Amino acid sequence: MPKLDRAFYARPVLSVARDSIGKILVRKTPAGVVSGRIVEAEAYRGPEDRGAHSFGGRRTARTEAMFGAPGHAYVFFVYGMHWHFNIVTGAVGEPHAVLIRAVEPLSGLELMSERRGISTDRVELTNGPGKLCRAFAITGDDYGLDLCSHRIYLLDAEPVRVARSVRIGIDYAGSWANRPWRFFEPQNPYVSRGPSRPVRAQRGGRKHARKRL
DNA sequence: TGAATGATTTACT
DNA sequence: GTAAATCATTCAA
């Protein structure tokens with residue numbers, strides 16, 4: 001399958017987030033190549049989205065990449081120890097991005113295992129935003145990197161079933177925390193633990209009425 | 001200059 | 001289930 005080009009990223013952030021599920025993330029470093037299927041992602045849509053770092057139009061050295069051209073990496077550091085990898089989407093000036101929360105390892109398992117300090121058969125290898133950055137060796141050095149380059153990029157893949165739920169870890173965002181802007185592949189073991197009550201989309205015939213979002 | 005705070009992970013009870 | 005780890009970024013002063 002071909003490498004995804006700029007046009008894929010230059011679309012509404014919710015579309016890119018949804019369509020990123022199933023795509024292949026490829027990462028090349030001097031140590032070797034690793035890749036994995038994206039199985040979980042979230043959309044962040046500033047300036048109105050209170051959950052986004054770009055909320056209120058906040059434009060600083062840290063958030064600058066979100067305001068730039070689509071198809072570039074927005075990488076940030078949280079909790080004093082973890083990196084998070086995002087893909088900038090939409091148009092220049094729109095501070096929108098997709099947080100990649102989990103991938104299913106495809107190649108370079110040994111290298112990932114080495115970087116994570118656990119065996120290759122553990123789902124903990126890449127089942128979280130901080131974990132996958134560690135496994136893929138993504139750090140601040142990759143801030144602003146062009147996904148249409150060769151060091152890190154996505155490969156197209158066949159569409160898969162996608163479920164959605166509220167986003168994780170943004171309880172401070174008020175009503176924005178209730179938006180179902182998290183997308184994931186149902187049943188995939190590499191999806192990080194999410195809300196106790198996931199909301200499913202694109203599935204017919206639900207048996208019981210939902211009680212909560 | 002200083003205090004508060006995370007788009008989390010891990011270990012432990 | 002809870003809590004500690006750990007620091008760049010942000011904002012107030």
Side-chain angles (χ1 to χ4, degrees), chain A residues 9 13-14 16-18 20-21 25 36 38-68 72-90 94-103 105 112-119 121-145 147 152 163-184 189-199 213:
Chain A
Y9 305 107
V13 66
L14 287 167
V16 178
R18 181 195 62 216
S20 71
I21 305 302
L25 176 64
I38 296 172
V39 298
E40 180 180 351
E42 289 179 352
Y44 286 87
R45 202 177 70 184
E48 70 273 18
D49 176 6
R50 192 164 187 77
H53 291 157
S54 53
F55 173 67
R58 188 170 57 186
R59 186 167 187 163
T60 65
R62 179 215 205 186
T63 64
E64 184 59 30
M66 288 185 93
F67 291 83
H72 288 255
Y74 167 46
V75 180
F76 66 92
F77 192 66
V78 278
Y79 296 114
M81 58 192 95
H82 305 298
W83 292 100
H84 282 200
F85 171 65
N86 299 249
I87 297 172
V88 178
T89 70
E94 281 181 334
H96 301 176
V98 173
L99 169 68
I100 305 304
R101 288 191 54 91
V103 306
M112 293 190 213
S113 168
E114 199 176 302
R115 289 167 174 163
R116 292 279 296 118
I118 58 177
S119 62
D121 55 10
R122 302 277 300 280
V123 296
E124 288 83 4
L125 215 53
T126 55
N127 71 341
K131 298 174 192 175
L132 81 86
C133 279
R134 189 65 174 270
F136 278 61
I138 295 171
T139 69
D141 289 345
D142 303 300
Y143 186 92
L145 215 59
L147 279 274
I152 187 163
R164 56 195 296 181
S165 79
V166 297
R167 293 172 292 177
I168 297 176
I170 55 164
D171 298 338
Y172 57 82
S175 64
W176 291 92
N178 297 326
R179 302 255 179 153
W181 287 0
R182 170 177 177 250
F183 300 86
F184 58 96
Y190 287 90
V191 171
S192 74
R193 203 188 106 61
S196 55
R197 195 174 258 281
V199 174
L213 189 76

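Throughout, protein chains are lettered first and strands after them, A, B, ... in sequence-line order, and every chain is numbered starting at 1. Basis for what follows: all heavy atoms, side chains included, without hydrogens, waters or symmetry-related copies. For clarity, every value in this text was computed on a predicted model and none was experimentally measured.
- Using the six-membered ring where Trp is involved, A/F77 and A/W83 have ring planes that are tilted, between 30° and 60° apart.
- Checked options A/V103, A/V123, A/I38, A/L132; the residue passing with A/Y190 is A/V123 (criterion: side chain to side chain contact (heavy atoms under 4.5 Å, CB included)).
- Here the rule is side chain to side chain contact (heavy atoms under 4.5 Å, CB included) with A/E42, and of A/V98, A/I168, A/N86, A/V166 only A/I168 fits it.
- Nearer to the 5' terminus of DNA chain B, by closest-nucleotide assignment, is the contact made by A/Y74 (compared with the other of A/K131 and A/Y74).
- Contact detail for A/G128 and A/S192: the closest heavy-atom pair is CA-CB, 4.3 Å.
- A donor-acceptor pair is defined here as one N or O able to donate and one able to accept, closer than 3.5 Å; no such pair exists between the side chain of A/H96 and the backbone of A/V88.
- Using a distance-only test at 3.5 Å, with no hydrogens or angles considered, no donor-acceptor pair links the side chain of A/R182 to the main chain of A/R167.
- The minimum heavy-atom distance between A/A65 and A/Y143, with the atom names listed, is N-OH, 2.9 Å.
- Contacts of A/R50 with the nucleic acid, taken as non-hydrogen atoms under 4.0 Å apart, are absent.
- A/G130 comes within 4.0 angstrom of sugar-phosphate atoms only, judged by non-hydrogen atoms across all strands, and of no base.
- With a cut-off of 3.5 Å on both pairing distances, the Watson-Crick and G-U wobble pairs of DNA chain C assemble into stems of 3 or more at B:1-6 with C:7-12, B:8-12 with C:1-5.
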What's touching nucleotides 2-7 of chain C from the protein side, N or O pairs under 3.5 Å?
| from | atom 1 | to | atom 2 | distance (Å) |
| --- | --- | --- | --- | --- |
| C/dT6 | O2 | A/Y79 | O | 2.7 |

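- The backbone N or O of A/I118 sits less than 3.5 Å from a side-chain atom of A/S113, completing a donor-acceptor pair.
- The side chain to side chain donor-acceptor pair (under 3.5 Å) analysis of residues 130-139 of chain A, with sequence neighbours excluded, yields the pairs A/N127-A/K131.
- Here the side chains of A/I152 and A/D142 are not in contact, with every heavy-atom distance at 4.5 Å or above.
- Side-chain contact between A/L25 and A/F85 is present, with heavy atoms from C-beta onward closer than 4.5 Å.
- Using a 4.0 Å cutoff to heavy atoms of chain A, the contacted part of DNA chain B runs 5' to 3' from B/dG6 to B/dT10.
- Contacts between residues 52-61 of chain A and DNA chain C, counted as heavy-atom distances below 4.0 Å, involve A/R58, A/T60.
- Of the possible polar contacts, none joining the A/R50 side chain to the A/W176 backbone as a donor-acceptor pair under 3.5 Å is found.
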Could you pull out all donor-acceptor pairs under 3.5 Å where a side-chain atom in residues 54-62 of chain A meets a protein atom, sequence neighbours excluded?
| from | atom 1 | to | atom 2 | distance (Å) |
| --- | --- | --- | --- | --- |
| A/S54 | OG | A/P95 | O | 3.0 |
| A/R58 | NE | A/H53 | O | 3.2 |
| A/R58 | NH2 | A/H53 | O | 3.1 |
| A/R59 | NE | A/E64 | OE1 | 3.0 |
| A/R59 | NE | A/E64 | OE2 | 3.4 |
| A/R59 | NH2 | A/E64 | OE2 | 2.9 |
| A/T60 | OG1 | A/R62 | N | 3.2 |
| A/T60 | OG1 | A/T63 | N | 3.4 |

